[in-house]
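Input: a single structure, listed below in structure tokens.
Predicted model only: the values in this text are computed from it and were never measured. Proteins get letters first, then strands, A, B, ... in listed order; numbering begins at 1 in each.
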Amino acid sequence: MYRIKAANTYEKRPEDPRGNSYVDYRHKKQDKLDEQLNQQKIDDLFVDCVIMLNGRLEPSANYLRQLIGTHGGKVVFQYMPGVTHIICQNLSASKFIQYSKKTIPVLLPKYILSCVEHKTLLDTTEFILPQLLLEQTQQTQQTQQTQAQEPSPEFRMSQINFNYVVEPVVLDPDSERIQQKLQNLEQQIKIYQLNEIAQIDYGEVIQNVQNTDSQKSSPTQLQYIQNSPVKTHDKINVREYHEQSRLHHLSQWKVEAQQFLIQNPPQGPKPNDTAAPLFMHIDIDCFFVQASYSALSAQQQLLYQSLPLCVCSSSNTGQNSTADIASCNYVARSYGIRNGMWLRTAQEKCKELVILKYDFQVYSEQSKRFYQNLLDISSQIMPVSCDECYIKLSGLISNKEEFMTELKAKIKRSTGLITSIGLGSSLIQARIATKLGKPNGQIHIGKEQFIELIKHKTVDFLPGIGQETATVMNSIGIYSVGDLQHAQLNLLQQTFGEIKGQQLFNSSLGIDSLVFKPIQGGQQQKSKQLQVSQNFGVRLTTLLQLKQFIYNLLVELQAKQKERNQQINRIILHLNVVAKNANPQWAKNGGCGQCEKTTSSCSIQGEVTEYYEQILEPILSQFRVEDVRGADIVGVCGEQQPEIIRNKTNKINDRTSLNQFKELLNNFQEQQQNTNLITGDISQIDQIQDENVREKVKQVIGLQIIKRGNLDDVLKYDDFQQKNYYMQQMWGEFL
DNA sequence: AGGGTGTGGTAGC
DNA sequence: AATCGCTACCACACCCT
């Protein structure tokens with residue numbers, strides 16, 4: 001089912017001098033919409049129905065509204081008397097309680113689609129929202145269980161702590177609302193009995209958390225699945241885990257670098273904004289390896305001087321070792337070893353590979369020394385990471401080569417580390433220059449050179465283009481940076497979105513999409529987001545463990561908030577649940593493997609940890625406890641209210657289209673492999689309702705055929721007429 | 001229309 | 001045979017009022 005593109009169904013809110021309420025306006029609007037839809041009516045399928053749509057739906061609420069309207073039904077978006085059906089997909093805790101009280105059926109959007117398909121109003125039982133269904137069966141099960149005197153050791157997700165829906169801070173002094181809340185609360189207590197186990201253990205969690213206040217680690221113990229193939233600690237302690245996580249430190253060092261620059265403002269001259277723009281990008285070559293090496297004794301250094309080196313968390317080279325290489329030097333790279341490669345694989349490629357240990361202390365010190373050397377160059381520095389930054393040099397440098405050589409020598413003297421420097425008239429040019437120069441490089445490139453130099457690189461050579469973007473690019477026939485340089489901006493924007501498309505195109509031509517934001521000395525840098533997460537070595541078996549784990553994450557988040565002196569007004573919970581069809585092998589190394597990801601957030605005021613229940617409930621009510629068994633709970637991410645900068649341009653394309661497009665393309669490619677290209681079923685392309693996307697798919701698949709030389713296959717047909725017929729049938733005017 | 005919320009991609013070693 | 005892991009940021013889609 002393809003979505004009708006979200007037409008702009010909203011009307012401008014009228015100025016109303018007579019002070020009519022917004023509600024009036026909404027009623028009027030509702031009537032008007034109904035009238036409009038009635039005019040397009042096909043049949044009277046839903047004629048006696050008043051259908052309420054709620055929340056995020058698939059297909060979208062807008063699509064359903066039109067669908068119902070054209071079949072004679074009435075649609076509302078708020079509950080009102082007379083509603084006959086509620087269509088809903090995910091229920092938040094409060095709505096869950098509201099709806100479970102009503103006798104109106106709460107159904108999945110599939111109901112509407114099926115009714116339309118069968119041209120009749122179907123029985124609703126098949127389409128009841130699973131959450132509510134679960135609740136019903138649970139209640140019957142419960143009564144059965146109590147009769148059988150067989151209490152379950154675990155408890156259901158949807159059953160927990162609904163009696164704690166009161167907000168810790170009542171934001172709205174409106175008494176009516178508070179009364180309603182109290183009423184709700186009463187109802188909830190009637191419906192849901194607090195589980196005794198939960199009560200006791202929740203108390204324990206609180207106690208444990210209080211213990212952490214004295215900087216000591218939380219004694220909260222979370223057991224792993226017995227006989228789990230994962231060999232990690234038998235406790236999960238977020239703080240302890242982070243101590244040994246290289247990525248955690250990497251992220252922290254970036255913040256440290258920013259703070260270092262705030263406390264030690266660059267004393268260098270101010271760049272001349274009227275001069276020709278000149279930016280420097282500097283990066284320490286294989287930072288971890290060099291830094292670990294620099295901490296070795298002189299004797300060892302001599303020994304390892306020209307050997308292949310790598311840094312790895314483990315020197316365990318056993319068959320089952322899945323440790324990966326954090327960083328490897330260029331000697332090692334000559335053997336085909338790469339960052340991120342599994343140690344075992346790397347050692348197969350090079351038996352002499354020397355494994356160095358992490359030394360986070362040294363990395364942090366070296367990072368500071370590195371930045372110390374950059375302070376007198378210019379007043380404008382923008383750190384990228386602990387070992388990498390941009391510096392604005394416009395009008396400050398006379399002899400570029402000399403400057404770069406001297407700077408490199410200076411850093412080498414001070415830290416013993418070898419760096420690469422790139423100069424360019426934009427950030428991305430400088431960045432690419434460094435990349436091309438590594439290791440131990442010093443390059444200056446201009447725009448013309450830039451375009452020539454990277455023409456033949458694959459698109460993922462450009463910063464900002466990762467695996468996903470590269471795959472989509474390939475699918476629209478763009479493989480090299482040169483292809484991108486000559487691509488149609490229009491096509492890029494249709495595929496990636498207006499802004500993103502433009503940015504990608506700009507990148508290929510050496511024009512920045514990254515904004516140069518130098519650190520302002522003395523000013524507190526406020527980030528827009530604070531996040532705490534742990535994805536490794538987490539194997540939770542019970543709901544209680546899950547709750548404890550999330551609470552611990554929240555404690556860490558709160559600590560971070562205080563440390564950084566920042567306010568948090570929204571909390572986001574990310575939850576990874578092992579996908580149903582996930583290969584169990586994948587999670588063997590302690591990671592998440594293939595997961596289904598869910599996000600839920602709530603606005604907060606006050607202490608982060610107070611919102612424990614609010615965050616949990618909506619998201620947990622979607623799962624049964626069985627589903628969470630073996631789930632990986634990812635993290636809690638607190639967010640500051642970001643600056644609202646709305647993008648006011650018209651959207652050409654929406655993500656749904658992009659996803660549909662990807663799917664179609666995959667289907668088509670599968671078919672191509674299985675059948676003759678010519679007979680490949682392309683009828684589905686014509687079913688795409690969105691004209692833009694349909695045309696794009698045709699265009700793209702056409703492009704693909706040309707790119708891959710498959711056009712020749714078509715041309716093999718001797719019969720010219722038949723050939724033409726196929727061509728036309730497939731691509732219409734596109735070929 | 002603008003605010004709120006959910007999704008997904010990227011970089012750094 | 002398999003591409004994680006942590007944190008911060010951006011662009012974007014979609015719903016609610």
Check whether any side-chain heavy atom of A/D324 lies under 4.5 Å from a side-chain heavy atom of A/M341, and answer yes or no.
no

Mapping A/L530 and A/S513 onto DNA chain C by nearest heavy atom, which one lands closer to the 5' end?
A/L530

Is the closest basic N to carboxylate O distance between A/D283 and A/K438 below 4.0 Å?
yes

Between C/dT3 and B/dG12, how far apart are the C1' atoms? Round to whole Å, please.
16 Å

Could you state the NE2-P distance from A/H574 to B/dT5, rounded to the nearest angstrom?
14 Å

Using a cut-off of 4.0 Å on non-hydrogen atoms, how would the nucleic acid contact of A/H242 be classed: base, sugar-phosphate, or nothing?
sugar-phosphate

Under 4.0 angstrom, heavy atoms only, what part of the nucleic acid is A/D460 near: base, sugar-phosphate, or nothing?
nothing

Choosing from B/dC13, C/dC9, C/dA1, which nucleotide comes nearest the side chain of A/W342?
C/dA1

When you measure from the side chain of A/Q529, which nucleotide among B/dC13, B/dG9, C/dC9 comes out closest?
C/dC9

Between B/dA11 and C/dA2, how far is it from one P atom to the other, in whole Å?
23 Å

Any heavy-atom pair between the side chains of A/N535 and A/S533 that's under 4.5 Å?
yes

Determine the interplanar angle of the A/H248 and A/H242 rings, folded into 0 to 90°, and report it as parallel if under 30°, tilted if 30 to 60°, perpendicular if over 60°.
parallel

From the candidates C/dC10, B/dT5, B/dG12, the one with an atom nearest any side-chain atom of A/S385 is B/dG12

A/F536 and A/Y241 aromatic ring geometry - parallel, tilted or perpendicular at 30°/60° bounds
parallel

In this structure, how many angstroms lie between the P atom of C/dA8 and the CH2 atom of A/W253, rounded?
15 Å

From the set B/dC13, C/dT7, C/dC12, return the single nucleotide nearest to any side-chain atom of A/I499.
C/dC12

Would one find a side-chain N or O of A/Y63 under 4.0 angstrom from OP1 or OP2 of C/dC14?
no

Is there a side-chain contact between A/S533 and the phosphate of C/dT7, meaning an N or O under 4.0 Å from OP1 or OP2?
yes

Here the distance between atom P of C/dT7 and atom CD1 of A/I568, to the nearest Å, is 13 Å

Checking contacts here: which listed nucleotide (C/dC6, C/dC10, C/dA8) is nearest the side-chain heavy atoms of A/F536?
C/dC6

What nucleic acid atoms does A/S251 come within less than 4.0 Å of, heavy atoms only: base, sugar-phosphate, or nothing?
base

Is the distance from OP1 or OP2 of B/dG12 to the nearest side-chain N or O of A/R431 less than 4.0 Å?
yes

With a non-hydrogen cut-off below 4.0 angstrom, is A/R564 in contact with a base, only sugar-phosphate, or nothing?
sugar-phosphate

Counting the atoms with a prime plus P, OP1 and OP2 as sugar-phosphate, which does A/I325 contact under 4.0 Å by heavy atoms, base, sugar-phosphate, or nothing?
nothing

Look at A/K254 together with A/E388 and state whether they make a salt bridge at an N to O cut-off of under 4.0 Å.
no

Would one find a side-chain N or O of A/K528 under 4.0 angstrom from OP1 or OP2 of C/dC10?
yes

With respect to the phosphate group of C/dC6, does any side-chain polar atom (N or O) of A/K560 fall under 4.0 Å of OP1 or OP2?
no

With a 6.0 Å cut-off on ring centres, are A/F516 and A/Y390 close enough?
no

Taking only the side-chain nitrogens and oxygens of A/N339, find out if one of them lies under 4.0 Å from OP1 or OP2 of B/dC13.
no

A/Q503 side chain: which of C/dA11, B/dT10, B/dC13 is closest?
C/dA11

Set out, in order, the CA-CA distance, both residues' side-chain angles and the distance that settles side chain to side chain contact (heavy atoms under 4.5 Å, CB included) for A/I478 and A/L491, then state yes or no.
CA-CA 11 Å; A/I478 296 170; A/L491 180 62; 5.6 Å; no

Of all the choices, C/dT7, C/dA11, B/dT7, which nucleotide is nearest to the side chain of A/T599 once you look at every atom?
B/dT7

Just call it for A/V289: base, sugar-phosphate, or nothing, with non-hydrogen atoms closer than 4.0 Å on any strand.
nothing

So what does A/D387 touch, heavy atoms closer than 4.0 Å: a base, only the sugar-phosphate, or nothing?
sugar-phosphate

Picking from C/dC10, B/dT5, C/dA2, which would you name as closest to the side chain of A/T345?
C/dA2

It should be established whether A/T469 places a side-chain nitrogen or oxygen under 4.0 Å from OP1 or OP2 of nucleotide B/dT10.
yes

Which of these nucleotides, C/dA11, B/dG9, C/dA8, is closest to any side-chain atom of A/K500?
C/dA11

Under 30°, 30 to 60°, or over 60°: which ring-plane class applies to A/F360 and A/Y363, parallel, tilted or perpendicular?
perpendicular

Enumerate, in order of first residue number, the stems that involve DNA chain B, defined as 3 or more consecutive Watson-Crick or G-U wobble pairs with both distances under 3.5 Å.
B:1-12 with C:6-17

